[in-house]
Amino acid sequence: MYIPSAMAKPQTSPIFYSSVFYLLSSFVFLAYSAPQSALIKQIPGFSGTLPSKHYSGYVTIDESHGKKLFYYFVESEGNPLKDPVVLWLNGGPGCSSFDGFVYEHGPFNFEAANESGGLPKLHLNPYSWSKVSNIIYLDSPSGVGLSYSKNQTDYITGDVKTALDSHTFLLKWFELYPEYLSNPMFIAGESYAGVYVPTLAHEVVKGIDTGVKPILNFKGYLVGNGVTDEEFDGNALVPFAHGMGLISNDLFEEVTSSCNGNFYNPLSENCESKLAKVDEDISGLNIYDILEPCYYGTDTRDVADIKIRLPSSFLELGETDRPLPVRKRMFGRAWPFRAPVREGIVPTWPQLLNGQSVPCTDDEVASLWLNNAAVRKAIHADEESVAGPWELCTDRISFRHDAGSMIPYHKNLTVRGYRALIFSGDHDMCVPYTGSEAWTRSMGYEIVDEWRPWTSNGQIAGYTQGYENNLTFLTIKGAGHTVPEYKPKEALDFYSRFLAGKPI
């Protein structure tokens with residue numbers, strides 16, 4: 001401001017300068033209080049300049065057991081101290097969140113090495129979700145990915161314990177990174193994280209209500225192709241198959257009449273026989289994306305004594321003229337046709353297949369990178385002799401589905417104003433969009449945005465319907481079970497809009 005020379009200038013006290021210095025010092029401390037020991041200085045396989053800072057390491061959530069959860073934190077490429085902080089969880093249960101990091105929306109695209117067994121090459125991903133947010137990739141529960149415990153009893157767990165442990169992780173993580181406490185916070189995940197996300201959100205909100213410190217600035221959550229409810233998930237396949245033209249009108253009418261709309265728990269032999277015909281008609285398809293073939297190792301062809309309904313494509317589609325991409329797979333748990341996740345132990349594929357290779361899986365690139373000694377040292381992960389080998393999905397844990405239906409969780413969160421985006425790749429047959437659309441509709445909320453197409457780059461990218469209480473359902477056209485892997489550009493588009501509170 002201009003001050004005429006004839007006017008006396010006010011005197012500023014030393015106390016004022018001390019206060020300003022204190023405030024500035026505090027700001028600098030907060031702006032740079034991330035633990036420097038967690039800063040990643042170089043990344044094997046990557047030779048460029050990182051567009052933002054990366055941190056990684058362990059948070060010990062139980063000192064007496066030596067129970068540690070591993071995280072990889074990517075700062076936003078925009079404004080790290082203001083952009084949302086998003087916790088990302090992959091499903092399984094038992095699958096590492098490096099699945100999302102390596103194959104979906106992480107900061108890099110991974111290129112397989114020219115020589116067999118060589119270290120993959122990393123390139124910047126133009127559709128990384130770190131373009132618009134800070135993102136934490138968490139290996140949870142303990143025993144998954146690079147997370148581990150020195151007490152083997154911790155590997156016997158379930159939905160409720162996993163949510164409690166992940167909440168403990170978040171509280172401790174924000175103590176290490178307090179500069180992000182005021183940022184809007186979201187929780188996101190896919191597949192079995194349809195259970196992880198709402199149960200963790202419930203714990204976060206309970207902590208906020210009871211004043212558990214630090215207080216998190218939780219705003220909402222995203223769930224992709226998520227396990228939600230036994231009845232809705234179990235009844236989704238038949239309508240999906242009919243809508244996609246995979247079964248005839250006549251068969252659809254017959255099975256609907258015979259089963260009275262109850263497809264996941266047949267109560268008559270006639271219903272069972274009609275469902276067997278449905279299974280037969282779709283058995284040559286990839287359950288995780290009906291448009292894609294599967295990749296198979298040579299040891300998946302002679303699997304004996306399988307006591308689950310396994311599509312024949314899991315054993316027969318190994319031969320293809322199409323070049324093998326970095327990955328052509330998806331890994332679920334015991335969710336073959338019409339087998340929704342039910343209460344109780346959720347078995348792993350290795351357990352179901354007597355140790356044979358997991359069908360429809362090729363994760364060589366991620367395994368080579370994360371089991372490389374130089375990589376583990378660079379990202380501050382403990383050695384394989386301590387933490388064990390990294391696996392995309394492990395059978396090291398015994399996991400119980402003990403939280404029941406997620407619909408009450410969603411209702412309790414959304415009625416309180418927390419924002420929710422339920423998104424679904426429309427070619428996924430593992431957790432079909434028909435089930436997700438049905439349960440969102442079943443909540444009884446008023447529709448405030450009628451079913452309509454949404455666009456990305458001027459093209460229809462899927463369809464959406466909005467409900468009261470900030471609940472949105474969204475499909476992504478042409479995507480399979482892992483939406484950002486199939487449609488990375490469209491995924492970044494809806495993700496950016498949702499975080500910003502903009503219409504999709």
Side-chain angles (χ1 to χ4, degrees), residues 89-100 102-105 189-195 223-228 233-234 236-238 240-241 243-244 246 278-279 281-297 300 308-318 320 322 324-341 346-350 352-353 357-366 392-393 423-436 462 475-488 490-491:
L89 301 167
N90 274 96
C95 295
S96 168
S97 288
F98 275 103
D99 187 358
V102 173
Y103 295 116
E104 301 185 49
H105 43 63
E190 68 192 8
S191 194
Y192 196 83
V195 176
V223 173
N225 290 80
V227 171
T228 301
D233 294 346
L237 177 67
V238 172
F240 173 86
M244 287 293 177
L246 307 179
V278 172
D279 292 346
D281 285 354
I282 61 178
S283 64
L285 296 170
N286 182 340
I287 194 171
Y288 302 108
D289 185 339
I290 62 173
L291 300 181
E292 294 286 347
C294 288
Y295 168 79
Y296 302 93
T300 61
I308 59 172
R309 194 183 309 275
L310 198 63
S312 61
S313 63
F314 275 20
L315 306 179
E316 296 171 358
L317 276 182
T320 177
R322 183 176 179 177
L324 180 66
V326 170
R327 171 169 80 165
K328 185 56 59 189
R329 43 65 64 206
M330 185 51 216
F331 188 112
R333 283 295 175 106
W335 312 336
F337 299 145
R338 298 186 292 101
V341 176
V346 187
T348 66
W349 276 117
L352 291 165
L353 298 179
S357 294
V358 178
C360 216
T361 302
D362 171 33
D363 290 301
E364 183 180 9
V365 168
L392 179 78
C393 299
F423 64 93
S424 189
D426 66 6
H427 281 71
D428 174 30
M429 200 159 56
C430 178
V431 185
Y433 78 92
T434 45
S436 299
T475 69
I476 298 85
K477 182 168 64 72
H481 193 60
T482 49
V483 169
E485 181 174 3
Y486 294 96
K487 297 290 181 179
E490 291 82 355

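Quick caveat, the model's predicted, so the values are computed rather than measured.
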- Interatomic distance, Met429 atom CE to Ile287 atom CD1 [nearest 0.5 angstrom]: 5.5 Å

- Evaluate the ring planes of His481 and Tyr288, with Trp represented by its six-membered ring, and classify them as parallel (under 30°), tilted (30 to 60°) or perpendicular (over 60°). tilted

- Message: Suppose we screen for side chain to side chain donor-acceptor pair (under 3.5 Å). Which residues come up paired with Ser96, at least two apart in sequence or across chains?
- Response: Asp139, Trp390

- Task: For Thr475 and Gly462, indicate whether the former's side chain and the latter's backbone hold a donor-acceptor pair under 3.5 Å.
- Result: no

- Considering all heavy atoms, the nearest Pro484-Ala491 contact: CA-CB, 3.8 Å

- Message: If I compare all heavy atoms of Tyr486 with all of Ala479, which pair ends up nearest, and what's the gap?
- Response: CB-CA, 3.9 Å

- Message: Name the residue from Ile282, Asp428, Ile290 that meets the side chain to side chain contact (heavy atoms under 4.5 Å, CB included) definition with Phe240.
- Response: Ile290

- Item | Verdict with reasoning, Thr482 to Glu190, per side chain to side chain contact (heavy atoms under 4.5 Å, CB included) | CA-CA 7 Å; Thr482 49; Glu190 68 192 8; 3.3 Å; yes

- Message: Closer than 3.5 angstrom, by distance alone: can the side chain of Tyr103 be matched with the main-chain N or O of Ala366 as a donor-acceptor pair?
- Response: yes

- Please round to the nearest 0.5 Å and tell me the distance separating atom CG of Leu246 and atom CG of Leu237. 8.5 Å

- Query: Are the side chain of Asp233 and the backbone N or O of Thr228 linked by a donor-acceptor pair below 3.5 Å?
  - Reply: yes

- Note on the structure: In terms of heavy-atom contacts, Val431 and Ser424 come closest through O-OG, 4.3 Å

- Item | Euclidean distance, Thr434 OG1 relative to Met244 CE, rounded to 0.5 Å | 8.5 Å

- What pairs with His427 under side chain to side chain donor-acceptor pair (under 3.5 Å), at least two apart in sequence or on another chain? none

- Note on the structure: Heavy-atom closest pair (Gly194 atom, Val223 atom, distance to 0.1 Å) is CA-CG1, 3.6 Å

- Sub-3.5 Å donor-acceptor pair from the side chain of Asp426 to the main-chain atoms of Gly478, do we have one? yes

- When you measure from the side chain of Ser97 to the backbone N and O of Asn90, does any donor-acceptor pair fall under 3.5 Å? yes

